[in-house]
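Note that this is a predicted model, so its numbers are computed, not measured. Sequence positions, counted from 1, serve as the residue numbers for this chain.
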Amino acid sequence: MKWRDLMCGEVRPAHVGQKLTLAGWAARRRDHGGLVFIDLRDRSGICQLVVNPERAPEAAALAHEVRNEFVLRATGEVTPRAADAVNPNLPTGEVELQVETLEIVSRCPPLPFQLEEENVDETLRLRYRWLDLRRDKLQRNMALRAGMVGVIRRVMEGAGFLDIQTPILFKPTPEGARDFIVPSRLQPGRFYALPQSPQILKQLLVIAGFDRYYQIAICFRDEDLRADRVQEITQLDVEMAFPDVEFILGLMEQMIGEVWRECIGVELEQPFPRMTYAEAMLRYGTDKPDLRFGLRIEDATELTRGSQFGVFAGAPAVRFLRVPQEFSRADLDRLEAFAKEWGAKGLAYLVYDEEGQVRSPIAKFLSEEELAGFRSEPSSTVLFGADEPAVVARVLGTLRTKLGEELGLAAPGEFRFSWVTDFPMFDWSEEEQRWSAAHHPFTRPAPEWEQSFDKDPGNAIAVAYDLIGNGNELGGGSLRIHEPELQARVFSLLALSPEEQRTKFGFLLDALSMGAPPHGGIAFGIDRMTMVLAEEPNLRDTIAFPKNQAGVDPMSGAPSEVSEEQLAELHVRVVPPETPRK
Ligand code: ASP
């Protein structure tokens with residue numbers, strides 16, 4: 001038996017007069033007393049079924065029973081719609097199927113939410129993800145994601161990269177998050193760690209002679225979840241021997257260009273611009289600025305050195321944003337509260353009204369020269385940050401992002417990418433009172449820092465690069481350390497004792513000592529890329545079965561408790577938390 005002749009969304013005027021069988025879900029039913037109209041949906045789209053009691057009394061009787069999301073199979077003749085019933089917004093909008101026989105293949109109870117309903121609670125959506133995934137937006141996101149992975153594979157294979165799988169049960173490979181660990185039944189008291197990325201493994205593959213490796217890899221990072229974070233990320237993971245940074249960046253640009261062209265028909269402007277990390281922090285206050293709008297941070301540290309306004313005169317850095325909006329007192333209070341959340345002590349401002357007159361409690365302290373330097377268009381506001389450079393960058397950077405969103409400065413359908421290069425090698429952790437790797441500990445220092453990175457870790461620069469798109473970090477990578485001595489020096493700087501270096505990374509140090517070629521690579525977040533490609537604000541909606549923000553899958557209930565026997569087998573005992581689970 002044949003279930004269907006065509007997909008619902010494929011029916012066209014060319015089929016008029018043909019007898020066709022379609023199968024799909026009842027997306028909508030309109031019962032006009034006599035005639036019943038049903039929108040029959042499958043992945044390709046919708047076709048309108050018309051059931052006329054005079055032509056098909058049996059089908060009509062059954063059609064009254066149909067409810068949303070019933071699975072139906074209908075046979076009938078394709079006919080043109082009456083002129084006033086043509087729907088120009090639907091590819092099938094000029095035709096309909098005059099049903100002769102109708103079959104209810106499967107039924108569905110009243111739905112927990114309607115598919116076209118907006119703002120349905122996310123937990124409810126995830127609880128019934130199989131319904132949620134039927135929505136147009138999620139169907140599109142999944143298709144874009146699959147299309148993207150297809151293009152990626154083609155580009156990588158075309159460039160001679162070999163797809164090699166690496167294990168999920170492994171040892172910690174650090175990327176700055178916590179590890180998920182899995183107890184071993186066969187080795188009592190021992191645990192595997194799920195890889196935060198295949199970083200070490202891909203280096204070993206290149207050392208093993210697979211000089212161009214790639215993989216669509218799942219990485220596990222036990223992080224506190226925010227709206228834009230998930231614990232299981234999928235990435236395009238790339239590594240090569242005898243690397244050339246230009247080659248890596250060029251190939252990745254080609255990949256992005258082809259994904260955008262083939263998946264959404266957008267021709268990107270290439271080559272992508274580049275900026276250093278230092279420039280990004282200075283101009284945008286973040287290493288992943290949204291470049292769809294300007295609103296650059298300007299520096300006034302020099303200009304305000306001898307300022308009569310004490311806050312400016314005494315601050316190590318004074319910078320400002322010229323915002324094309326005349327803010328009210330209430331707006332400014334709200335923005336100041338926001339700035340304080342990000343570490344500012346206050347938010348000095350100059351408001352220029354429609355006539356270009358300045359309104360500000362600080363204006364009277366500012367010299368002619370300073371005012372000339374801050375001068376802005378009528379109906380605009382200048383917002384200041386005056387503090388340590390890092391605080392100013394953070395405060396003005398987050399304000400810039402927020403204002404970009406609030407003022408709608410980023411046009412939908414626009415895509416702006418940039419490479420960010422010359423990242424610092426290390427970050428100082430106040431909490432732990434030690435240096436940590438800014439990227440991961442296998443990242444190579446820039447040639448001019450190879451001798452001296454351990455003498456001045458705060459300023460050492462790595463050969464590391466990120467690709468940013470519309471304010472998101474899409475990918476990042478680096479050249480790696482291939483000399484065991486250099487790697488040991490970096491480990492030492494990260495406060496790993498020689499014993500820890502052996503137990504944690506001995507196998508890598510051994511491999512590096514046995515003919516390791518220079519190597520480097522990059523990884524791209526597939527979830528994040530889908531988010532930007534689909535212009536989907538919710539990262540979880542780029543993933544078929546995501547967990548919620550508490551790391552729980554409301555559909556299956558994972559993570560779940562296990563039996564005492566299972567725990568005993570694994571040699572594990574549960575110590576209940578003092579505060580109950582959320
Ligand atoms: N392993 C890095 C990451 O997952 C990427 C890389 O350095 O290739 O972010």
Side-chain angles (χ1 to χ4, degrees), residues 275 277-411 416 468 470-471:
M275 67 177 102
Y277 172 85
E279 281 165 7
M281 296 309 283
L282 194 64
R283 289 198 210 140
Y284 303 102
T286 166
D287 58 4
K288 43 179 192 312
D290 191 337
L291 299 175
R292 287 174 296 175
F293 55 92
L295 206 66
R296 284 194 183 177
I297 298 171
E298 297 175 63
D299 192 73
T301 314
E302 282 308 308
L303 180 63
T304 54
R305 270 322 57 175
S307 185
Q308 294 301 305
F309 183 47
V311 172
F312 285 0
V318 179
R319 297 180 197 155
F320 62 97
L321 283 171
R322 290 183 225 245
V323 188
Q325 175 90 356
E326 182 187 337
F327 286 123
S328 67
R329 200 44 261 181
D331 286 330
L332 289 161
D333 286 346
R334 187 173 54 85
L335 293 175
E336 177 168 43
F338 178 82
K340 283 182 170 168
E341 276 173 41
W342 289 92
K345 294 186 193 76
L347 185 64
Y349 61 85
L350 300 170
V351 177
Y352 293 91
D353 67 15
E354 277 169 25
E355 269 88 55
Q357 292 299 318
V358 68
R359 172 161 58 81
S360 163
I362 68 163
K364 58 178 179 286
F365 301 109
L366 301 178
S367 65
E368 285 297 309
E369 203 195 345
E370 285 175 294
L371 284 171
F374 304 139
R375 183 87 225 155
S376 187
E377 301 292 308
S379 300
S380 67
T381 306
V382 178
L383 300 173
F384 292 93
D387 212 309
E388 292 296 333
V391 177
V392 175
R394 186 171 67 230
V395 170
L396 292 185
T398 42
L399 263 175
R400 176 183 178 274
T401 308
K402 180 186 174 67
L403 292 170
E405 270 166 33
E406 279 187 11
L407 305 176
L409 300 180
R416 285 275 173 273
I468 55 167
N470 290 7

Legend entry - Within 6.0 angstrom of E406 CD, more than 12 heavy atoms from elsewhere: yes

Legend entry - Worked verdict on V318 versus L303 for side chain to side chain contact (heavy atoms under 4.5 Å, CB included): CA-CA 9 Å; V318 179; L303 180 63; over 6 Å; no

Inset, instruction - Give, for atom CG of L350 and atom CZ of R359, the distance between the pair rounded to the nearest 0.5 Å. - result: 11.0 Å

Legend entry - S379 side chain vs E326 backbone, donor-acceptor pair below 3.5 Å: no

Legend entry - Exercise: identify the closest heavy-atom pair between M281 and A393: O-CB, 3.8 Å

Legend entry - Qualifying residues under ring pair (Phe, Tyr, Trp, His ring centres under 6.0 Å), relative to F327, sequence neighbours excluded: none

Legend entry - Donor-acceptor pair, side chain of R375 and main chain of L371, under 3.5 angstrom: no

Inset, instruction - Would you mind reporting whether D290 and L409 have side-chain heavy atoms less than 4.5 Å apart? - result: no

Legend entry - Ion pair D387/K345, N-O distance below 4.0 Å: yes

Legend entry - Closest contact, heavy atoms only, L396 versus F384: CD2-C, 4.1 Å

Legend entry - Non-hydrogen side-chain atoms of L383 and L347 separated by less than 4.5 Å: yes

Inset, instruction - Ignoring hydrogens and angles, tell me if any N or O in the side chain of N470 forms a donor-acceptor pair with the backbone of R416 under 3.5 Å. - result: yes

Inset, instruction - Take the angle between the ring planes of F309 and F312 and call it parallel below 30°, perpendicular above 60°, tilted in between. - result: perpendicular

Legend entry - side chain to side chain contact (heavy atoms under 4.5 Å, CB included) evaluation trace for Y284 with L291: CA-CA 9 Å; Y284 303 102; L291 299 175; 3.5 Å; yes

Legend entry - Evaluation steps, side chain to side chain contact (heavy atoms under 4.5 Å, CB included), between L332 and T381: CA-CA 10 Å; L332 289 161; T381 306; 4.1 Å; yes

Inset, instruction - State whether the side chain of S360 and the backbone N or O of Y349 hold a donor-acceptor pair below 3.5 Å, judged by distance alone. - result: yes

Legend entry - Sidechain-backbone polar pair: D331 side chain, S328 backbone, donor-acceptor under 3.5 Å: yes

Legend entry - Closest non-hydrogen atom pair, E370 against S307: OE2-OG, 2.8 Å

Legend entry - Minimum heavy-atom distance between G346 and E336, given as atom pair plus value: CA-OE2, 3.3 Å

Inset, instruction - Provide the closest heavy-atom pair for V392 versus A317 in the form atom of the first, atom of the second, distance. - result: CG2-O, 3.7 Å

Inset, instruction - Could you pull out all residues at least two apart from R319 that satisfy salt bridge (charged side-chain N to carboxylate O under 4.0 Å, His left out)? - result: D299

Inset, instruction - Please report the closest heavy-atom contact between V382 and S376, naming both atoms and the distance. - result: CG2-CB, 3.8 Å

Inset, instruction - Mark yes when over 12 heavy atoms from residues, nucleotides or ligands other than E369 sit less than 6.0 Å from its CD; otherwise mark no. - result: no

Inset, instruction - To the nearest 0.5 angstrom, please state how far the CZ atom of F374 sits from the CD1 atom of I362. - result: 7.0 Å

Legend entry - Side-chain (R400) to main-chain (L295) donor-acceptor, under 3.5 angstrom: yes

Legend entry - Gap separating the CG atom of L335 from the CG atom of L321, nearest 0.5 angstrom: 10.5 Å

Legend entry - Evaluation steps, side chain to side chain contact (heavy atoms under 4.5 Å, CB included), between L407 and F293: CA-CA 11 Å; L407 305 176; F293 55 92; over 6 Å; no

Legend entry - Any side-chain heavy-atom pair of F338 and L403 under 4.5 Å: no

Inset, instruction - Answer yes when R322 and E377 have at least one side-chain N-carboxylate O distance shorter than 4.0 Å, and no when they do not. - result: no

